[in-house]
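Taking it in order: structure first as structure tokens, then the write-up.
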Amino acid sequence: MSFFDALTGSGTNTDSNFVDYTGSFAGQPVLISCDTNFAGELPCRAIPYCVKIQIQVYPDPSDPDLISDAERNHITTVRSILGQHLDGRFVGSGIVASANMAFLIFYIPERKQKNAGKMLEESFSNAFRHTEYTIQYDPEGSQYMEFLFPNAIQLKQVENGKILRKLRGYGDDGSEPRPIKFHFVFPNRKAALEFSAVASEKGFEYEDLFQEPAPEGMVLPRYHLVLNRVLPFNLELLDLVDEYLLDLSAAYDATYRSLETDVV
């Protein structure tokens, strides 16, 4: 049985796909929850206004980098109430416990923009916790990309974590070495073959190369390369492998699409 996970794809997808990961904010850990599918819908002409709300939270005394379940429930409640009134799309949140702060980000249509400020002002006027908000025109999703969307290595970490959880569901803890397939897409065949030759110096073996149809709106086809290497499915090890492959992909104008493996 093989697992092939891709968190983002081409085209418009109105379904949400929230992933959780740990990032950093002003040098401190931040727990992020991001709807990665929203990236495929940018620019967001139908909901071009970004509403960012910062609310005060209280860290867990036993661990200053975390918050309690009660605080998480409070954030969820605030999110639910605001979502009902903003009539937009919730795209993610962050918790910076060390700064006693959490933030929520929504995108809303223009028709709701004028009333959103008034609604938020009234909602938070009597709140016992400090709350701030901003509303700005952001059809390109710059706030979403800056504060929520994982960078390339973080996205790979999320994907690998999901695959490992599936493996464990079948009784495989990932510790046994197994063939892992790595998938890449190139603008031309020559780049794919050169990439394969360089990667072979690091133990990656050529498995397949085939042509894919041109992406929508383009004329030239793409070339899908599959490499193989025997490794344990260890997340720390895969971080190093992914970092190498992402850097190499950038040098050849390639997209490191995904990896897959079997239960052993």
Side-chain angles (χ1 to χ4, degrees), residues 6-26 28 30-58 67 69-97 99-152 154-155 158 216-217:
L7 296 181
T8 57
S10 60
T12 299
N13 186 345
T14 56
D15 294 329
S16 297
N17 181 39
F18 282 90
V19 299
D20 300 323
Y21 69 97
T22 302
S24 63
F25 183 85
Q28 299 296 328
V30 51
L31 304 179
I32 300 290
S33 180
C34 175
D35 176 6
T36 56
N37 279 355
F38 187 62
E41 300 173 32
L42 297 173
C44 48
R45 304 299 182 191
I47 47 175
Y49 281 86
C50 175
V51 180
K52 183 179 179 183
I53 300 136
Q54 295 185 3
I55 59 177
Q56 183 181 21
V57 295
Y58 302 108
I67 62 173
D69 289 341
E71 290 294 283
R72 289 181 181 275
N73 291 337
H74 173 71
I75 295 171
T76 300
T77 300
V78 172
R79 167 193 158 183
S80 178
I81 293 172
L82 293 177
Q84 294 175 18
H85 294 285
L86 288 171
D87 191 23
R89 177 164 174 172
F90 172 69
V91 297
S93 62
I95 300 172
V96 193
N100 289 19
M101 182 266 286
F103 61 87
L104 308 169
I105 294 181
F106 295 81
Y107 279 80
I108 63 173
E110 184 175 7
R111 60 184 172 80
K112 287 289 184 177
Q113 180 260 335
K114 291 183 179 179
N115 292 330
K118 181 180 179 181
M119 184 276 290
L120 291 170
E121 190 69 34
E122 293 176 350
S123 298
F124 297 132
S125 61
N126 295 319
F128 69 92
R129 300 183 188 221
H130 180 70
T131 307
E132 299 177 357
Y133 67 88
T134 58
I135 302 173
Q136 67 182 78
Y137 184 66
D138 184 28
E140 301 299 327
S142 61
Q143 293 290 299
Y144 163 82
M145 296 303 296
E146 179 178 358
F147 293 105
L148 293 176
F149 195 75
N151 61 34
Q154 289 168 335
L155 191 56
V158 170
E216 184 176 355

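Atoms considered below: every heavy atom in the structure, side chains included; atoms not considered: hydrogens, waters and symmetry mates. The first residue in the sequence is number 1, and the count goes up from there.
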Heavy-atom side-chain contact between [X] and [Y] under 4.5 Å:
X: Cys50; Y: Ile105; value: yes
X: Leu31; Y: Thr22; value: yes
X: Leu42; Y: Met145; value: yes
X: Tyr137; Y: Gln113; value: no
X: Ile47; Y: Lys112; value: no
X: Ser33; Y: Tyr21; value: no
X: Ile95; Y: Ile32; value: no
X: Asn151; Y: Leu155; value: no

Test Leu148 against every option in Asp35, Thr36, Val91 by the side-chain contact (heavy atoms from CB on, under 4.5 Å) rule and name the one that passes.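 Between Leu148 and the candidates, side-chain contact (heavy atoms from CB on, under 4.5 Å) is satisfied uniquely by Val91.
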How far does [atom1] of [X] sit from [atom2] of [Y], to the nearest 0.5 angstrom?
X: Arg129; Y: Asn100; atom1: CZ; atom2: CG; value: 10.0 Å
X: Glu71; Y: Gln56; atom1: CD; atom2: CD; value: 9.0 Å
X: Thr76; Y: Leu104; atom1: OG1; atom2: CG; value: 9.0 Å
X: Asp87; Y: Arg111; atom1: CG; atom2: CZ; value: 4.5 Å
X: Tyr58; Y: Met101; atom1: OH; atom2: CE; value: 14.5 Å
X: Leu120; Y: Leu86; atom1: CG; atom2: CG; value: 5.5 Å

For the residue pair [X] and [Y], what are the closest heavy atoms and their distance?
X: Val158; Y: Asp20; value: CG2-O, 4.1 Å
X: Pro109; Y: Gly88; value: CD-CA, 4.3 Å
X: Gly117; Y: Ile135; value: N-CD1, 3.5 Å

Aromatic ring pairing Tyr144/Phe149, orientation class (parallel under 30°, perpendicular over 60°, tilted between):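 Ring orientation of Tyr144 relative to Phe149: tilted.
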Establish, yes or no, whether a centroid distance under 6.0 Å links the rings of Tyr107 and Tyr49.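 Not close enough - the centres of the two rings lie 6.0 Å or further apart.
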What do you reckon, are the aromatic ring centroids of Phe90 and Phe38 less than 6.0 Å apart?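 Ring centroids of Phe90 and Phe38 are no less than 6.0 Å from each other.
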Output all residues satisfying salt bridge (Lys or Arg N to Asp or Glu O under 4.0 Å) with Arg72, sequence neighbours left out; order by chain, then residue number.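 Partners of Arg72 by the salt bridge (Lys or Arg N to Asp or Glu O under 4.0 Å) criterion come out as none, since no residue qualifies.
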Does this structure show an ion pair linking Arg45 with Glu110, if we count only N-O contacts that are shorter than 4.0 Å?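 Salt bridge absent between Arg45 and Glu110.
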Electrostatic pair Lys52:Glu146 at N-O distance under 4.0 angstrom: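 A salt bridge is absent here (no side-chain N lies under 4.0 Å from a carboxylate O).
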Evaluate Phe103 against Ile53 for side chain to side chain contact (heavy atoms under 4.5 Å, CB included), listing each step before the verdict. CA-CA 5 Å; Phe103 61 87; Ile53 300 136; over 6 Å; no
Could you check whether Tyr133 and Glu121, counting side-chain N and O atoms only, form a donor-acceptor pair closer than 3.5 Å?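 Looking only at side-chain atoms, Tyr133 and Glu121 do form a donor-acceptor pair, the distance falling under 3.5 Å.
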Looking just at side-chain N and O atoms, do Asn37 and Ser16 make a donor-acceptor pair shorter than 3.5 Å?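 Asn37 vs Ser16: no donor-acceptor pair found between side chains.
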